[in-house]
Amino acid sequence: MTDATASGARSVSLSRSWTSRLRDEFELEYMQELRTFLIEQKQQGKKIYPPGKQIFNALNSTSFETTNVVILGQDPYHGVGQAHGLSFSVMQDVDIPPSLQNIYKELTSDIDFRHPGHGSLDYWASQGVLLLNSILTVEHGKAGSHQGRGWEKFTDRIIGLLNEGKEGLVFLLWGAYAQRKGEFIDRGKHLVLTSPHPSPFSAHKGFFGSRPFSKINEHLIRLGKQPIDWQIS
């Protein structure tokens with residue numbers, strides 16, 4: 001467990017798998033400044049998403065050891081009750097956002113997938129799909145409001161650890177932002193799949209028809225790894 005009072009909560013737990021690799025990162029100046037910023041935001045009465053205990057949900061749901069796939073998002077959903085620490089995912093009782101609806105449409109055309117009727121991707125995370133946002137917090141109603149505060153450096157470190165310490169991962173980079181962030185990934189060691197973002201503004205520009213989910217499983221099977229069961233119940 002690491003002290004991560006940045007959220008304004010008393011403490012935020014981080015699994016041992018990631019704590020052992022990121023402990024020193026929390027002592028760096030940028031993380032101290034980020035912690036101070038978030039505490040001040042809470043003291044000013046601003047609503048910050050996701051709740052403190054869910055800020056590191058992606059890391060707590062998918063250990064370093066079990067990670068085989070990384071789906072990189074930008075920042076959390078900024079509506080009430082939406083963000084719970086997994087990129088593109090929402091809790092089961094929350095309306096499914098448009099980007100995730102488009103992800104489900106592509107799944108349906110790519111593989112034998114049935115719409116689950118909810119937007120929780122916890123099942124993917126439990127199978128080694130790291131659902132990581134580049135920025136881990138956001139202010140209510142203000143998309144991108146915590147950009148440039150330090151989270152990008154922190155998640156770059158996570159990606160760097162995976163890039164350096166593992167072989168044969170799949171990085172799914174949707175949209176220009178994710179693709180810029182993943183430029184340093186070693187294409188000789190890992191499979192990097194890119195396409196336009198699944199947002200309604202760009203999905204028709206090449207996201208639909210990109211078939212990333214079957215490509216991921218073909219890659220994993222080729223390496224002798226367990227394919228992902230994309231079907232959510």
Side-chain angles (χ1 to χ4, degrees), residues 49-50 57-58 62 68-125 127-136 138 141-147 151-152 155 159 169-183 185 187 190-220 227-233:
Y49 303 135
N57 195 19
T62 311
N68 280 318
V69 179
V70 181
I71 300 181
L72 187 62
Q74 187 165 347
D75 63 347
Y77 296 121
H78 53 85
V80 176
Q82 289 184 307
H84 69 122
L86 303 180
S87 63
F88 296 100
S89 179
V90 293
M91 300 292 283
Q92 289 201 18
D93 58 350
V94 176
D95 289 343
I96 303 173
S99 290
L100 183 53
Q101 291 282 20
N102 284 339
I103 291 171
Y104 284 171
K105 288 179 183 178
E106 178 59 19
L107 272 161
T108 302
S109 66
D110 185 11
I111 62 173
D112 182 19
F113 178 82
R114 301 173 307 283
H115 196 298
H118 64 82
S120 173
L121 305 181
D122 283 296
Y123 182 53
W124 293 1
Q127 298 179 76
V129 180
L130 180 63
L131 297 163
L132 181 68
N133 278 317
S134 174
I135 302 156
L136 301 189
V138 69
K142 296 183 178 181
S145 52
H146 289 183
Q147 288 184 9
W151 282 128
E152 294 94 336
T155 52
I159 296 169
L169 298 182
V170 185
F171 289 87
L172 202 49
L173 309 180
W174 289 327
Y177 181 92
Q179 289 160 27
R180 287 193 300 270
K181 189 173 180 67
E183 284 179 348
I185 297 168
R187 268 68 169 174
H190 308 291
L191 175 63
V192 178
L193 298 177
T194 63
S195 79
H197 195 276
S199 158
F201 300 104
S202 56
H204 292 280
K205 298 178 181 178
F207 172 76
F208 290 136
S210 60
R211 303 188 65 243
F213 307 101
S214 59
K215 290 176 182 176
I216 288 170
N217 279 352
E218 288 166 4
H219 173 79
L220 295 177
I228 305 300
D229 177 10
W230 297 109
Q231 183 59 57
I232 301 163
S233 59

Kindly compute the distance separating [atom1] ([X]) from [atom2] ([Y]), expressed to the nearest 0.5 Å.
{"X": "Ser145", "Y": "Tyr49", "atom1": "OG", "atom2": "OH", "result": "11.0 Å"}
{"X": "Leu172", "Y": "Leu132", "atom1": "CG", "atom2": "CG", "result": "12.5 Å"}
{"X": "Ile135", "Y": "Trp151", "atom1": "CD1", "atom2": "CH2", "result": "10.5 Å"}
{"X": "Leu130", "Y": "Leu169", "atom1": "CG", "atom2": "CG", "result": "9.5 Å"}
{"X": "Asp122", "Y": "Leu131", "atom1": "CG", "atom2": "CG", "result": "8.5 Å"}
{"X": "Arg187", "Y": "Phe171", "atom1": "CZ", "atom2": "CZ", "result": "9.0 Å"}

Is there a side-chain contact between [X] and [Y], using heavy atoms and a 4.5 Å cut-off?
{"X": "Ile159", "Y": "Leu72", "answer": "yes"}
{"X": "Pro227", "Y": "Trp230", "answer": "no"}
{"X": "Tyr104", "Y": "Ile232", "answer": "yes"}
{"X": "Val170", "Y": "His190", "answer": "no"}
{"X": "Asn102", "Y": "Pro200", "answer": "yes"}
{"X": "Asn217", "Y": "Ile111", "answer": "no"}

Looking at every heavy atom in both [X] and [Y], which two are closest together, and how far apart are they?
{"X": "Pro50", "Y": "Leu136", "result": "CD-O, 3.3 Å"}
{"X": "Gln74", "Y": "Gln147", "result": "NE2-NE2, 3.0 Å"}
{"X": "Thr62", "Y": "Val129", "result": "OG1-O, 3.3 Å"}
{"X": "Leu173", "Y": "Gln179", "result": "O-NE2, 3.3 Å"}
{"X": "Ser202", "Y": "Pro196", "result": "O-CB, 3.6 Å"}
{"X": "Phe207", "Y": "Ser195", "result": "CD1-OG, 3.6 Å"}

**Prompt:** By ring pair (Phe, Tyr, Trp, His ring centres under 6.0 Å), which residues pair with Phe88, not counting sequence neighbours?
**Reply:**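 If we apply the ring pair (Phe, Tyr, Trp, His ring centres under 6.0 Å) test to Phe88, skipping adjacent residues, the hits are Trp174, His197.
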**Request:** For Phe208, check ring pair (Phe, Tyr, Trp, His ring centres under 6.0 Å) against everything at least two apart and list the hits.
**Result:**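 Phe208: ring pair (Phe, Tyr, Trp, His ring centres under 6.0 Å) contacts with His204.
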**Asked** What pairs with Gln101 under side chain to side chain donor-acceptor pair (under 3.5 Å), at least two apart in sequence or on another chain?
**Response**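 Testing Gln101 for side chain to side chain donor-acceptor pair (under 3.5 Å), a comparison that skips the adjacent residues, returns His115.
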**Message:** I'd like to check the side chain to side chain donor-acceptor pair (under 3.5 Å) partners of Ser134; sequence neighbours left out, ordered by chain and number.
**Reply:**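 Side chain to side chain donor-acceptor pair (under 3.5 Å) list for Ser134, sorted by chain: Tyr177, Lys181.
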**Item:** Side-chain (His118) to main-chain (Ile96) donor-acceptor, under 3.5 angstrom
**Value:**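 Checking the backbone N and O of Ile96 against the side chain of His118, no donor-acceptor pair under 3.5 Å is found.
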**Asked** So among Ile103, Ile228, Val69, Leu193, which one has a side chain to side chain contact (heavy atoms under 4.5 Å, CB included) with Phe213?
**Response**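 Output: one option passes, namely Ile103.
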**Residues, nucleotides or ligands: over 12 heavy atoms within 6.0 Å of Asp95 CG** =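 For Asp95, atom CG is not crowded (no more than 12 foreign heavy atoms under 6.0 Å).
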**Prompt:** Pairs in or reaching into residues 75-92: which pass side chain to side chain donor-acceptor pair (under 3.5 Å), with residues at least two apart or in two chains?
**Reply:**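 Qualifying pairs: His84-Ser89.
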**Prompt:** Pairs in or reaching into residues 96-111: which pass salt bridge (charged side-chain N to carboxylate O under 4.0 Å, His left out), with residues at least two apart or in two chains?
**Reply:**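 Qualifying pairs: Asp110-Arg211.
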